Protein chains: 2
Amino acid sequence: MRRIAPDRDGLLAMIGEVFREHGYEGASLALIGAATGLGKGSLYHFFPGGKEEMGRAVIAHIDCWFEENVFAPLRDSTDPQVGIERMLAATDSYFRSGRRVCLIGAFALEEPRDLFADQIRDYFGRWVTHLADALARAGHQPGEASELAEEAVAAIQGALTLARAADDADVFARALRRVRVRLGLTAGG
Amino acid sequence: MRRIAPDRDGLLAMIGEVFREHGYEGASLALIGAATGLGKGSLYHFFPGGKEEMGRAVIAHIDCWFEENVFAPLRDSTDPQVGIERMLAATDSYFRSGRRVCLIGAFALEEPRDLFADQIRDYFGRWVTHLADALARAGHQPGEASELAEEAVAAIQGALTLARAADDADVFARALRRVRVRLGLTAGG
DNA sequence: GACTCATTGTACCGCTCGGTACAGTGTCGG
DNA sequence: CCGACACTGTACCGAGCGGTACAATGAGTC
């Protein structure tokens, strides 16, 4: 039988979903094994450090995705407005328009926050910084750009919480629309 | 020996802190017992339904505090602006200016979300509704008031996540200041 | 065919979990 | 003085936890 989890990328994605759905504490090795089709033997072969290493790897995997699809456009687009728009589109698709939760945000609130504190701080810090840079290049004063960036990222995180609480993805869609306006992407409507 | 946990209110506050610090899954009965000074016998005497009943009671306890200190001012102040200002002050003090996390927000993201879905939806729903009403009374169009209310509550929740992630309470202070401006409380500066 | 070595399944470890049972214990009203 | 009863400590339960040990397995290589 060919293995079900073909590569490390797919494996990390599956484990990530388990963490997302059950939280760090709630994601037992039995659940992870069931989701990946791998036994403990295999799991500990790939992640000798056990659950903590899995958590660290999953965060790094997500971080990497954001680096490529969210931060890079912000940094590299010649037109900062285009970069910001691409960031918002990637964000919307990643969170499945609010039907998916931010794993790193959840980790920031719950138990494993001390375990992964550095990675979590880094992730959000880079998001805010890169957005602030893009806003500055778009013409905002540096201080104003920082505030606006922080406001936008917080709005996204808060909307994910509210959307999950209300079980209503529209909450997230409305929030993204407001962020878009606030960051100056749709001048008049 | 007089008991350490004098009344149900104080007891729920202690248990709430354990949930806040360790999450629902992570808050073991051993931790709860240590925090309250109560053995399992006593805990199951007060909460025959076990951990789930504790969770439910803690949420209700927090909900009650918000009802009195956050929602009531929004609803009952003759001047809606005063009500909104009082809500923000209560919010700031409750979350200890960002050093404390929103337990119900954390529950919304993690495992017990299905268990407590109704209570969680209710809590955030009432917060948004009452704020929207106050904003409408302050002169906003109904639709605009709803959007603004949702934006404000999401901004607060997101700021709590970011503040915890960055381990920097200033993130929350800045967010509250922006919300204050956005809701029209400080006209010019 | 024999060696290598990444990969896997299985049995097992000690521990902690949430929860139960129950025999006290202290403090009441009568 | 006595029963009633709210409260508490302790011992215990089966289950599941994260983690370890190890013996297969099987494909690739010489």
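Quick note on labels: first sequence line is chain A, next is B, and so on, each numbered from 1. Keep in mind that this is a model prediction, so the values were computed, not measured. What's counted below: heavy atoms across the whole structure, side chains too, no hydrogens, waters or symmetry copies.
Taking atom NE2 of B/His22 as the reference point, atom C1' of C/dC17 lies 15 Å away to the nearest angstrom. The separation between B/Leu29 atom CG and D/dT8 atom P is 16 Å, rounded to whole Å. Here C/dT10 presents its P atom at 13 Å from CG of A/Leu38, a figure rounded to the nearest Å. Between the CE atom of B/Met54 and the P atom of C/dG18 there is a distance of 9 Å, given to the nearest Å. Regarding A/Arg8, its CZ atom lies at a distance of 15 Å from the C1' atom of C/dA6, rounded to whole Å. With rounding to whole Å, A/Phe46 atom CZ is found 19 Å from D/dG18 atom C1'. Atom OH in B/Tyr44 sits about 4 Å away from atom C1' in C/dG19, given to the nearest Å. Whole-Å rounding puts the B/Ile32 CD1 to C/dC17 P distance at 10 Å.
Between B/Ser28 and the phosphate of C/dC17, there is a side-chain N or O to OP1/OP2 separation shorter than 4.0 Å. OP1 or OP2 of D/dT8 has not a single side-chain nitrogen or oxygen of B/His45 nearer than 4.0 Å.
In this structure, A/Ser77 contributes its side chain and A/Pro73 its backbone to a donor-acceptor pair below 3.5 Å. The closest donor-acceptor contact from the side chain of A/His61 to the backbone of A/Leu12 lies at 3.5 Å or more, if one exists at all.
Between the base of C/dG9 and the side chain of A/Lys40 there is no donor-acceptor pair shorter than 3.5 Å.
Closest non-hydrogen pair, B/Leu135 versus B/Ala149, comes out as CD1-N, 3.8 Å.
Side-chain atoms of B/Ser42 lie closest to D/dG9 of the nucleotides D/dG9, C/dG19, D/dG18.
Other residues, nucleotides and ligands contribute more than 12 heavy atoms inside 6.0 Å of the CG atom of A/Asp79. Atom CD of A/Glu53 has more than 12 neighbouring heavy atoms from other residues, nucleotides or ligands inside a 6.0 Å radius.
Contact annotation for A/Gly41: base contact, defined as any heavy-atom pair under 4.0 Å involving a base atom.
Comparing A/Pro48 and A/Leu31 against DNA chain D, the residue whose closest nucleotide sits nearer the 5' end is A/Leu31.
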